[in-house]
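Reminder, nothing fancy here: chain letters follow the sequence lines and each chain counts from 1. Reckoned from all heavy atoms, side chains included, excluding hydrogens, waters and symmetry mates.
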There are 4 protein chains.
Amino acid sequence: MNSTDPAQATIQAPCAPRRGRPRSEAAEQAIVEAVLRLLDSGTSLGGMSVEGIAAEAGVGKATIYRRWPNKDALLLDVLVRTELAEPEYVGGSVRDTLVEIMEFFRESALARRERPSVAAFADQFRAVPELHKRYHEQVLEPRRARLRGLLAIGVAGGEVRADIDLDLLGEILVGPMLSRTMLHPHADLDDPKLSATIVDTLLQGIAPVRSGT
Amino acid sequence: MNSTDPAQATIQAPCAPRRGRPRSEAAEQAIVEAVLRLLDSGTSLGGMSVEGIAAEAGVGKATIYRRWPNKDALLLDVLVRTELAEPEYVGGSVRDTLVEIMEFFRESALARRERPSVAAFADQFRAVPELHKRYHEQVLEPRRARLRGLLAIGVAGGEVRADIDLDLLGEILVGPMLSRTMLHPHADLDDPKLSATIVDTLLQGIAPVRSGT
Amino acid sequence: MNSTDPAQATIQAPCAPRRGRPRSEAAEQAIVEAVLRLLDSGTSLGGMSVEGIAAEAGVGKATIYRRWPNKDALLLDVLVRTELAEPEYVGGSVRDTLVEIMEFFRESALARRERPSVAAFADQFRAVPELHKRYHEQVLEPRRARLRGLLAIGVAGGEVRADIDLDLLGEILVGPMLSRTMLHPHADLDDPKLSATIVDTLLQGIAPVRSGT
Amino acid sequence: MNSTDPAQATIQAPCAPRRGRPRSEAAEQAIVEAVLRLLDSGTSLGGMSVEGIAAEAGVGKATIYRRWPNKDALLLDVLVRTELAEPEYVGGSVRDTLVEIMEFFRESALARRERPSVAAFADQFRAVPELHKRYHEQVLEPRRARLRGLLAIGVAGGEVRADIDLDLLGEILVGPMLSRTMLHPHADLDDPKLSATIVDTLLQGIAPVRSGT
DNA sequence: CGATAACCGAGACGGTACGTCGAGTCTTGGC
DNA sequence: GCCAAGACTCGACGTACCGTCTCGGTTATCG
């Protein structure tokens, strides 16, 4: 990822006009799929070029720039679109649901299509606030809200202590997955017990069982 | 950050020859300092160019490429070199030492010089294993070992449960700092109570104090 | 003049495509004129850089490389384009026409724009046959054919002996001009009688008038 | 051939110092031979680099620059040194001697070692007067003087007309060889009758035998 | 139904940076 | 003061992309 840096750019999803020939739905799809195909064929997100994408998609460069203001916006959009849909967590104890959530993160991280990874944008998030804003609004905040809701239920049901910052809790939970995605991209994510271990460790704490016991 | 991607590159610190005019120590320093100076003056890590660095350092491009195989290697090297030195954690309870460690991470993340941030490399770590290897060996693994040692003391002293994967524990601890650096680079890191909160949350667990007790 | 030597390069005049935005006629002209302007301002052909030309022309380097495969091809093309147009030699005796032709060569050699001189390519002609081929086809052969035609008329009209290799004759005639361009570039070319002297010397021979006379 | 052009450089043969260790004769020879060897192995004069020469000669670059002020000076020096020694023209008619001289030129042009050809310097002669001066003094002028002497004998003996500029005559004679070296480097030089043809053509003139006869 | 506005693929445009190479100079240790 | 080796600065090479701008041609919708 680079762009010439000046960190301006207004990141936005494709914006529609009103008159004349309408934009080709097919072209848009071809572009996104071309990115995915290139990713599959070994190109890293950062090593992607708009020219390459256009060629792979059989599309003119202008057709891309008509839809996204720049390369980063396109790539981030692909990232957002390929975010796995988080399942509805309906029944069960809060503990079990937390494990389910962690499993979702683990599988997301494993997913072949997860390759367009947030990692590629971490640096841009700092430099291009719009980029971060978009990802935050579309992915991070909804996820965080959902988690907060769940934990609130846990608090109400007595499964979770009431004096805890729920957002911080989310960050702690996500920590290991994030660490393995960002800092140790070759780390092992295959162990299906990982999620349960994390949740239980956090629930029980790491200090030996207290007092009277 | 980009490079032409092919993810080959042999990342290594400048390797010295033995015959002929020796490499100029001054030049090397000038280069690293030029990077830092550019960072200060607003250039983002990703927006840095070798040509700009050479100019700022008053050095020929070849002098840079003689020492590092490409831009990324140089930038990573600067990142490694500017990593704050982790203090010796000598006395006190394990809990207090953990808080100190977290404070170190928080301050690192805040530090002006932290701007050459890991975030810029997260994507490269996936694509260029040598890059990751170097960072892992020089920064991550030492840090992890230190943490493991400390937690082992905690286990021995009865402050930490014995049945926990210490590396995983490290990942959990670091989680919030990582999350705020990578995913929420504009997040608040100023609260000095944050470290204690995280450590204590983890020590006590988030489930209400357990029964019979 | 140098290039990295390997003497491959396919020298050709700018070749047009058929689809997409057509090549800018203006850019092409700007490039050639920039070369000429630089020549005027003192830069020697050999000391010319593509970067300098691009800058002077207000054009991207790629725009140059899109049209010519390398620096030498561009420079040769400029040389060919600035070759003075040989006048039509219509009336008069063959002797007078030969003098006219020699005058043309003399004036070409003198011409300000003659500065992009063949001399700069003499070495390349040996190493890069395509370069020579192009110059031969576009400049040398037409000139030689014209000369051959004229001399043939001379033979028919009894002004020139019939047993002479007309191409060799051409080489002999051109000799002094070539010598002064290549070996004695500071030699005197101002004497307007030079051409007549050469032609008459050659017509009459250098041996004293023969026999009966 | 290029150099950064500024056409200054003081061209001179290796100039000796006075104190300390004397210059290695062997090194000098190794350098010249390295150039010749590179020429043999296909490198063109223009495509030669000082670094390559130094490597081929097993010599430091400084050792070269201690002897010649720059690349062109070295190359010209090699050119001058490899100039074939012109034979003594002792007996026979002036016509026969002229043919011998032309043969010498033809063989020089053919000679394997003639590859370090004047052609490579034609452009530099214009831009770097010192370069031309040296070649002129060491090669061209002696040759011209010898020719002038011979022709003077011819005039005295009645073989050559008295009213002719002898230097111009030399240029006319050399013309075809020069043309074939410079403009038609792939031209045929194998015909041993060529020299006689040129000389006789010039002696007799190209106009039909004159009147009264 | 014909005009017209916005689309489309292709590819050229001015730029910036890449990583490499070479020129001519400087600096080691060693003879 | 020489030597080989190889550093140094500088500047150009030819390539690759960026984001923009034309081309000629196509396709919906409006008048």
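- Donor-acceptor pairing under 3.5 Å, judged by distance alone, is absent between the side chain of C:K71 and the base of F:dG14.
- Using a 4.0 Å heavy-atom cutoff across all strands shown, C:A54 reaches no nucleic acid atom at all.
- Judged by closest nucleotide on DNA chain F, B:A27 is the one of A:G52 and B:A27 placed further toward the 5' end.
- For B:R19, the side-chain atoms get nearest to F:dG6 when compared with the rest of E:dC18, E:dA12, F:dG6.
- Counting non-hydrogen atoms under 4.0 angstrom, C:G58 reaches the backbone sugars and phosphates but no base.
- Atom CD1 in C:I64 sits roughly 15 Å away from atom P in E:dA12 (whole-Å rounding).
- Summarising the geometry, the separation between CD1 on B:I53 and C1' on E:dC18 is reported as 12 Å, rounded to the nearest angstrom.
- Evaluation of atom-type donor-acceptor distances gives no pair under 3.5 Å for the side chain of A:K61 against the base of E:dG9.
- In this structure the side chain of C:V59 never reaches within 4.5 angstrom of the side chain of C:I53, judged on heavy atoms.
- Across A:R81, A:R23, A:R66, a single residue satisfies salt bridge (Lys or Arg N to Asp or Glu O under 4.0 Å) together with A:E28, and that is A:R81.
- For E:dC7, its base sits under 3.5 Å from the side chain of A:R21 at one donor and acceptor pair at least.
- Rounded to an integer number of Å, the gap from CG of C:N70 to C1' of E:dC21 is 16 Å.
- For the pair B:R66 CZ and F:dA5 P, the computed distance is 17 Å after rounding to whole Å.
- One atom, CH2 of A:W68, and another, P of F:dT20, lie 15 Å apart when rounded to the nearest Å.
- Side-chain contact, B:S117 with A:R126: a donor N or O sits under 3.5 Å from an acceptor N or O.
- Residues B:Y65 and A:V59 each lie close to DNA chain E; by heavy-atom proximity, the contact nearer the 5' end of the strand is made by A:V59.
- Looking at the side chain of B:A62, the nearest of the listed nucleotides F:dC17, F:dA7, E:dG22 is E:dG22.
- Every pair passing salt bridge (Lys or Arg N to Asp or Glu O under 4.0 Å) that includes a residue from residues 44-54 of chain A is listed here, sequence neighbours excluded: A:E51-A:K61.
- You'll find the ring centres of A:F125 and A:Y135 inside the 6.0 Å limit.
- Spacing between atom CD of B:E51 and atom P of E:dG15 amounts to 16 Å, rounded to whole angstrom units.
- Contact annotation for B:T63: base contact, defined as any heavy-atom pair under 4.0 Å involving a base atom.
- In this structure, CZ of A:R67 is placed 8 Å from P of E:dC7, rounded to the nearest angstrom.
- F:dG19 atom C1' lies 13 Å from atom CG of A:L74, rounded to whole Å.
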